[in-house]
Amino acid sequence: MELAPRLDPRGIEPSLYAAWMERREFHLSPDSVTRDGREPFVIVIPPPNVTAVLHMGHGLNNTIQDVLIRWRRMQGRAALWVPGTDHAGIATQNVVERILAREGKTRQDLGREAFVERTWEFVRETGGAILDQLKAIGSSCDWERTRFTLDPGLSRAVREVFVHLYEKGLIYRGEYIINWCPRCHTALANEEAEGTEVEGRLYHLRYPLAPGLEEETASASTAGAASLGRLPDGRWYLTVSTTRPETMLGDMAVAVNPGDERYAGLVGGEVDLPLTGRRIPIIADEYVDREFGTGMVKVTPAHDPNDFEMAQRAGIAPLNVMTPEARMGENAPAAFRGMDRFEARKAVVEAFKGEGLFGGDTPHTHAIPRCYRCDTVVEPRLSEQWFVRMKPLAEPALAASRDGTVTFVPERWKKVYEHWMENIRDWCISRQLWWGHRIPVWYCRDCGHTLVAREDPTACSACGSERLEQDPDVLDTWFSSWLWPFSVFGWPERTEDLKAFYPGHVLSTAPEILFFWVARMIMAGYEFMGEAPFRTVYLHATVRDIQGRKMSKSLGNGIDPLEVVERFGADALRFTVISGAAVGTDIHLDPQDLEASFAPGRNFANKVWNAGRFTLMSVGEDPVRPLEKVQGHLELADRWIISRLARTVQARTQELEKFRLHDVADLAYHFFWGDLADWYLELVKPRLKGERGEESREAARTVLVTVLDGILRLLHPLIPFVTEELWQKLPWPWASERPRFLMAASWPEPRREWEDADAEGQMAALQELVTQIRRLRKEYGVPEGAQVDVVLAGAPEVFRGTLEEEAQAVRTLARVGAITWEREKARGAGAHGVLLNGTELFVSLEGVIDLVREKARLQGEIGRLAGQLTATRKKLENQGFLGKAPEEVVAREREKAASLQEQVEKLQDKLRVFEGA
RNA sequence: GGGCGCUUAGCUCAGCUGGUUCAGAGCGCCUGCCUUACAAGCAGGAGGUCGGCGGUUCGAAUCCGUCAGCGCCCACCA
């Protein structure tokens with residue numbers, strides 16, 4: 001059989017994937033569950049943005065999902081992975097707008113309808129490229145079920161949900177301060193406005209007091225309020241502080257804390273708001289912190305959420321002084337009108353200086369929110385928006401976490417989730433965009449009636465007028481994503497798919513969308529399906545660069561997974577990210593050095609390839625016998641490797657259950673490389689050549705193929721391509737009965753009867769011996785190729801059983817000729833090894849093997865005794881026991897404790913001697 | 001201002017319920033090997049008082065307290 005000495009991923013991966021696809025191996029119909037009664041296992045993909053390109057975060061997340069899906073599929077579950085993409089309102093609209101900008105056009109030039117059509121075109125052309133990229137890394141999604149959050153079925157679900165919630169009173173329209181992106185011209189949810197720490201300035205502005213308050217001011221001033229003072233013209237002023245001086249143009253009041261006796265006399269008075277010619281009141285409000293700044297706050301209801309609330313409490317109307325572009329608007333004084341907010345900030349400060357009202361500025365760090373899409377500084381803005389009342393929806397979703405119906409991995413996210421759910425705020429769902437689900441609300445131009453309907457209305461239900469106008473806004477992208485786990489199956493229809501595949505099992509995603517998406521999906525699951533959409537939420541690692549920075553486009557520190565697949569293969573990428581990301585930790589990769597970053601995975605895949613290549617070449621194409629048929633001819637190495645495989649299967653299955661994918665990779669790696677390749681393959685070489693006779697050869701062939709079959713099955717979810725390629729070539733006797741593909745083969749059952757503690761113990765000692773001989777050879781400078789004779793000292797148990805077989809192994813692995821056993825002679829030598837007359841090596845094994853074993857035995861013994869000791873002591877501290885038990889029983893316990901104590905100490909002394917030796 | 005996490009070899013990190021993986025892996029480094037599966041490899045080796053201090057325990061990288069440094073999330077302090 002001709003196989004390349006190096007794995008060529010490009011040579012096998014695309015064709016294998018095509019073969020899987022052609023045979024529809026990833027596809028599953030509801031019949032498999034409803035008719036055949038198979039237990040489902042369902043993952044619904046976190047839909048990437050249509051316009052996105054694959055990045056390492058996707059690479060990791062989708063590898064994780066594919067590992068879980070492939071593993072469950074092999075376990076016999078009806079494993080379904082539903083793929084799809086998200087229309088990503090703002091993100092996509094921005095991309096298309098940028099394209100238009102290059103053509104010198106704006107979306108307004110095109111008009112709404114043409115713009116949306118243009119966006120659809122764009123999405124149809126380039127959208128979904130990311131799905132092809134997911135295929136490149138081996139994702140075994142059921143592509144026949146690919147959905148899009150804006151396709152007709154999902155749009156129907158969205159509309160149903162909106163109307164349902166509206167009718168239930170959970171959707172309302174209201175005027176509030178929302179986060180407004182002046183560049184995207186839309187409202188943002190709180191979660192979409194990301195705060196960044198900024199070293200800014202706090203400006204102190206002086207507002208002259210209106211006449212009539214002189215007396216109170218003077219007395220407050222002498223009482224120590226540094227914030228009050230007198231202008232050269234004799235007027236009194238107070239000082240307020242702000243990070244955004246331009247908003248003072250919209251000030252409607254100044255507020256102090258009602259309990260602040262310094263300013264008690266001022267409340268009810270007025271100040272002359274500079275630059276505006278307006279006179280505004282001084283009010284009292286609990287919100288004001290008298291310790292911060294001057295203890296006086298300017299109130300700008302239209303441009304700050306807290307000020308808005310204060311103004312509402314005081315019955316003061318807001319005054320909006322900005323345009324949607326965050327320029328100073330018509331309500332601002334003429335001198336500032338049209339200025340950008342940052343220009344206006346400077347201008348206002350200058351104007352205050354000009355009037356002698358500037359009280360200086362001080363450095364001040366604070367968080368300013370930015371648009372998560374375009375990074376523009378968000379402006380709080382008063383406007384009318386649609387909201388979802390979240391509290392009632394949150395209740396069952398919170399309970400689900402508390403009672404363990406939904407669990408989080410790693411567990412610490414449970415707390416984060418619950419904290420957010422307990423303090424949940426209403427969700428602003430309207431967006432002033434064109435790309436997205438249109439809000440199903442119409443206003444009657446004649447009678448002002450509001451219609452909310454599942455089907456587009458043609459006439460007003462109140463007055464019959466046909467002059468209806470639909471709300472211009474669209475819904476937040478997440479308003480369709482939160483329905484994803486059931487809308488992909490055809491909800492609100494009661495489809496077969498829904499019956500078979502809802503609820504799903506695992507959701508794997510990035511921690512940063514826990515609130516955006518995960519929490520809301522759970523809420524929607526309860527509200528519309530009556531149960532949570534999945535049981536386990538796996539929050540995966542964040543992919544960072546070598547400096548620990550999150551990979552991002554703007555930093556330019558990203559890694560293109562397709563380049564990695566191209567250069568090293570999908571298997572290399574998959575194995576690297578899985579073994580690099582332990583539960584709860586991040587993964588660090590170097591974008592500057594892909595070779596170094598992906599070497600672990602690449603090297604391992606190649607190792608698997610070569611071990612397979614060796615097996616196929618040396619075993620030949622004649623079918624091997626089943627294991628039972630060679631049972632009587634198994635040698636130590638055979639029994640050992642089978643036992644090791646059995647244990648690895650056992651451990652790996654357990655780790656997978658706990659989502660410990662990193663450990664799974666680690667275990668499989670060490671079994672494959674450390675046990676199978678380094679030891680078993682080496683041991684079996686002479687046997688495969690027939691040097692030890694036909695029986696030995698047949699046993700070796702069978703065991704080798706059996707073990708390789710097992711480990712390939714185990715490894716398949718991690719590195720599906722190289723395992724599939726090799727597995728298909730294994731010379732099984734029952735080749736005709738097995739499934740066409742490894743991916744459809746069964747997960748190996750843990751086989752207790754294969755475990756063989758004796759073989760493992762003997763083999764461990766043998767390995768130790770071989771390593772010692774190799775070390776000694778090196779130490780004494782025995783040439784690589786030269787053979788030495790070994791004189792063994794001590795009585796290692798290794799050679800008590802099948803002496804010849806084991807001696808043979810040592811000869812094979814350590815290039816040893818004759819092995820003789822001269823206990824007394826070597827003991828006299830005293831050292832671990834001594835080279836005699838050039839070719840004869842003395843190896844004293846007592847100092848090596850037996851010591852290791854004795855130490856372990858001692859530790860075990862100490863553990864057992866210490867356990868008893870602790871229990872006995874507890875008993876002796878128990879008042880109930882001391883009071884009620886007969887004297888002699890208590891005495892006996894005391895004796896027991898003392899004796900145990902003594903024994904433990906004795907053993908510990910002994911252990912110390914061993915460790916010292 | 002609250003909440004969470006991290007600190008183990010030169011680098012990136014494992015180490016789950018304290019003791020049979022207990023001081024580990026990969027990369028890097030040193031020495032010797034193109035040994036008929038693999039130089040993307042093989043064999044051997046150097047390298048760490050597990051962030052500091054204190055405590056619990058027969059026994060602590062592991063549990064508790066505290067200090068220091070780093071990181072993340074949430075929050076309206078103008």
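Letters A, B, ... are given to chains in the order of the sequence lines, protein chains preceding strands, and every chain is numbered from 1.
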Review point. Looking at the rings of Tyr669(A) and Trp673(A), which for Trp means the six-membered one, are their centres under 6.0 Å apart?
Key: yes
G-U wobble or Watson-Crick pairing nucleotide for [N] (cut-off 3.5 Å, both distances):
| N | result |
| --- | --- |
| rA23(B) | none |
| rG41(B) | rC33(B) |
| rG1(B) | rC74(B) |
| rG65(B) | rC53(B) |

Review point. Hey, is rU20(B) sitting syn or anti, using the within-90° cutoff around 0?
Key: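 Here the answer is syn: the torsion falls within 90° of 0.
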Taking any heavy-atom pair under 4.0 Å as a contact, classify [X]: base, sugar-phosphate, or nothing.
| X | answer |
| --- | --- |
| Glu512(A) | nothing |
| Pro305(A) | nothing |
| Leu514(A) | nothing |
| Ala599(A) | nothing |
| Ala605(A) | nothing |

Check whether the side chains of [X] and [Y] place a donor and an acceptor atom closer than 3.5 Å, and report yes or no.
| X | Y | value |
| --- | --- | --- |
| Ser643(A) | Glu755(A) | no |
| Ser597(A) | Asp590(A) | no |
| Thr509(A) | His540(A) | no |
| Lys298(A) | Ser241(A) | no |

When the [atom1] atoms of [N] and [M] are considered, how many whole Å apart are they?
| N | M | atom1 | value |
| --- | --- | --- | --- |
| rC77(B) | rG51(B) | P | 35 Å |
| rA61(B) | rG44(B) | C1' | 28 Å |
| rU49(B) | rG45(B) | C1' | 23 Å |
| rC67(B) | rU57(B) | C1' | 24 Å |
| rU31(B) | rG71(B) | P | 38 Å |
| rA43(B) | rA39(B) | P | 14 Å |
| rU56(B) | rC72(B) | C1' | 31 Å |

Review point. For Arg775(A) and rG32(B), is the shortest distance between a side-chain N/O and OP1 or OP2 below 4.0 Å?
Key: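 Checking rG32(B) against Arg775(A), no side-chain N or O comes under 4.0 Å of OP1 or OP2.
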Review point. Under 4.0 Å between a side-chain N or O of Lys607(A) and OP1 or OP2 of rC42(B)?
Key: yes
Nearest-Å distance for atom pair [atom1]/[atom2], residues [X] and [N]:
| X | N | atom1 | atom2 | value |
| --- | --- | --- | --- | --- |
| Leu667(A) | rU21(B) | CG | C1' | 11 Å |
| Asn603(A) | rG28(B) | CG | C1' | 14 Å |
| Leu681(A) | rC42(B) | CG | P | 11 Å |
| Asp590(A) | rG28(B) | CG | P | 13 Å |
| Glu422(A) | rG2(B) | CD | P | 18 Å |
| Arg687(A) | rA37(B) | CZ | P | 16 Å |
| Glu655(A) | rG15(B) | CD | P | 10 Å |
| Asn257(A) | rA78(B) | CG | P | 17 Å |

Taking atom types as they are modelled, is there a donor-acceptor pair under 3.5 Å from the base of [N] to the side chain of [X]?
| X | N | value |
| --- | --- | --- |
| Glu595(A) | rA40(B) | no |
| Lys415(A) | rC4(B) | no |
| Arg774(A) | rA43(B) | no |

Review point. Do the ring planes of Phe568(A) and Phe598(A) sit parallel (below 30°), tilted (30 to 60°) or perpendicular (above 60°)?
Key: parallel
The side chain of [X] is closest to which nucleotide in this list: [options]?
| X | options | value |
| --- | --- | --- |
| Tyr287(A) | rC76(B), rC4(B), rA37(B) | rC76(B) |
| Lys778(A) | rA25(B), rA37(B), rU31(B) | rU31(B) |
| Arg6(A) | rA78(B), rC73(B), rA40(B) | rA40(B) |
| Val297(A) | rG26(B), rA78(B), rA37(B) | rA78(B) |
| Arg602(A) | rU35(B), rA40(B), rA37(B) | rA40(B) |
| Lys685(A) | rG5(B), rA78(B), rA37(B) | rA37(B) |
| Asp663(A) | rC16(B), rA37(B), rG44(B) | rC16(B) |
| Tyr669(A) | rG41(B), rC38(B), rG26(B) | rG26(B) |
| Asp678(A) | rC42(B), rC38(B), rA40(B) | rC42(B) |
| Lys658(A) | rC16(B), rA37(B), rA75(B) | rC16(B) |

Review point. Given that Trp413(A) and Thr771(A) both sit by RNA chain B, which one's nearest nucleotide is further toward the 5' end?
Key: Thr771(A)
Review point. Which of these passes side chain to side chain contact (heavy atoms under 4.5 Å, CB included) with Phe671(A): Asp666(A), Ile711(A), Leu715(A)?
Key: Ile711(A)
Review point. Salt-bridged, Glu379(A) to Arg244(A), with N to O below 4.0 Å?
Key: yes
Check your understanding: Would Arg647(A) and Glu760(A) satisfy salt bridge (Lys or Arg N to Asp or Glu O under 4.0 Å), going step by step from the backbone distance to the final call?
Key -> CA-CA 11 Å; Arg647(A) 280 187 206 281; Glu760(A) 291 196 36; 2.6 Å; yes
